[in-house]
Amino acid sequence: MAKSPQQPVIQSILDDAYHKFKNDTSGKNADYIPALAKVDSAYFGLVVVTPHGKIYTKGDVNQPFSIQSISKVFTLALAMEQKGPQTIVDKIGVNATGLAFNSVTAIELNKARSVNPLVNAGAIATVSLLDGNNEKAKWSALSAWYDKFANRKLSVLEDVYKSESDTNGHNRAIAELLTSYDRFYGDVDINLAVYTRQCSVAVTAKDLAVMASVLANNGVHPLTDKRLMSSDNVSRVLAVMTTAGLYENSGQWAYQVGLPAKSGVGGGIIAVSPGKFAVAVFSPKLDSAGNSIRAQKAIDFIAEKLHANIF
């Protein structure tokens, strides 16, 4: 395992990042989901967790918000553990689209159709691959899996779930289109409901950093010492995060920051420095691609100070 940064150094860097970007008000909340538009945009929380289970925090780290697309990382991890990594390649795909996270054009332009598990098309298809014959069974297994990573029982923000369910026509169209190409693997209603529910899970910045720390620690949970994923699957999940974690800005992120990461339109971003640390930042205001502006800046700052760029 790579040597983790010294403890006082991490806290000092978190403090510096918080104060450096605290007053940055650029961007805007996601507004296509009504419940997200209402979230206080002033929230700003930063958390680092090391492979030894040390947790460092600054700001609004216990404020719940919806996990949104960061959930895709952990659903991909479960699908990979259940079905094996080759199934993901064969039935979903692992190439970046270079287009928006909810792009229908990407489906039509790419012969593989769903392309990768971190955009909406591939993510909904990944849910359809999971074990379980009905919505209850599938959700029970998936939510229990999330709980293992968070090391606590997570709940669903029902207002967000209702808000997303009432406005998910675009995702339904994506699922139906994939079905027409034989790239969807179950009932549309069941799997769309599970997907919408997974995006509505309530997390804090601390939860996300703890969840991501499993990936930083090669599949073993730093707080429980239990292995949740195979080492091979961790490396594959991190590879997809590197190429597609920040949507169409993933290349720019890899070039600038050099860490596998995943964003969500709820305002969270996780990033992983393998063997060294996991970081999560929550700040609701987004750029045009759907990535938190302050979270990107803070993680860039932290990664640079800790010499974490994997390249």
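The figures that follow rest on heavy atoms only: side chains count, while hydrogens, waters and symmetry mates do not.
A donor-acceptor pair under 3.5 Å links the side-chain atoms of Arg183 to the main chain of Ile92, judged by distance alone. Checked by atom type and distance alone, the side chain of Ser230 pairs as donor or acceptor with a backbone atom of Asn233 at under 3.5 Å. Side chain of Thr75 to backbone of Lys72: no donor-acceptor contact under 3.5 angstrom is found. Not one N or O on the side chain of Asp287 forms a donor-acceptor pair closer than 3.5 Å with the backbone of Ile293.
With Leu157 as the partner, the side chain to side chain contact (heavy atoms under 4.5 Å, CB included) test is satisfied by one option alone out of Ser66, Cys199, Ser163: Ser66. When the options Asn168, Asn171, Asn102 are evaluated for a side-chain hydrogen bond (donor to acceptor under 3.5 Å, both in side chains) with Asn120, the one that passes is Asn171.
In this model, no donor atom of one side chain and acceptor atom of the other lie less than 3.5 Å apart for Ser165 and Lys162. Between Ser263 and Asn291, the side chains place a donor N or O and an acceptor N or O closer than 3.5 Å (distance only, hydrogens not considered). Looking at Tyr56 and Gln11, their side chains never bring a donor and an acceptor atom within 3.5 Å of each other. Under the 3.5 Å distance criterion, with hydrogens and angles disregarded, a donor-acceptor pair is assigned to the side chains of Tyr181 and Glu108. Checking Asp300 against Gln296 by side-chain atom types alone, no donor-acceptor pair falls below 3.5 Å. The closest side-chain donor-acceptor pair between Asp207 and Thr204 falls under 3.5 angstrom. Tyr195 and Ser71 share no side-chain donor-acceptor pair at under 3.5 Å.
Ring geometry for Tyr32 against Phe101 counts as tilted: the plane angle lies between 30° and 60°, on a 0 to 90° scale.
The two residues Ser250 and Tyr247 come nearest to each other via the heavy atoms OG-O, 2.7 Å. For the pair Ile33 and Gln68, the tightest heavy-atom approach, listed with the atom from each and the gap, is CD1-OE1, 4.1 Å. Of all heavy-atom pairs spanning Ser41 and Asn29, the tightest one is CB-OD1, 3.4 Å. Closest heavy-atom contact between Ile190 and Asn134: CG2-C, 4.0 Å. Here the shortest heavy-atom pairing between Pro85 and Met80 reads CA-CG, 3.7 Å.
Using a cutoff of 4.0 Å between basic side-chain nitrogens and carboxylate oxygens, Asp159 and Lys38 are not scored as salt-bridged. The residues Arg172 and Asp189 are annotated as salt-bridged, a charged nitrogen and a carboxylate oxygen being separated by less than 4.0 angstrom. Salt-bridge annotation for Lys297 and Asp24: present, with a side-chain N of the basic residue lying under 4.0 Å from a carboxylate O of the acidic one.
In the hydrophobic cluster analysis, where Ile, Leu, Val, Met, Phe, Trp and Tyr join through side-chain heavy atoms closer than 4.5 angstrom, Leu178 is grouped together with Tyr185. Met241 and Val203 fall within a single hydrophobic cluster, where Ile, Leu, Val, Met, Phe, Trp and Tyr are joined by side-chain heavy atoms under 4.5 Å apart, directly or via other members. When hydrophobic clusters are built by joining Ile, Leu, Val, Met, Phe, Trp and Tyr residues whose side-chain heavy atoms come closer than 4.5 Å, directly or via intermediates, Val47 is not grouped with Phe44. Val194 and Val188 fall within the same hydrophobic cluster, defined by Ile, Leu, Val, Met, Phe, Trp and Tyr side-chain heavy atoms under 4.5 Å apart, directly or through other members. The hydrophobic cluster containing Val48 does not contain Val272, counting ILVMFWY residues as joined when their side-chain heavy atoms lie under 4.5 angstrom apart, directly or transitively.
With a 6.0 Å cutoff to the six-membered ring centre and a 45° limit on the axis angle, Arg197 counts as a cation-pi contact of Tyr161.
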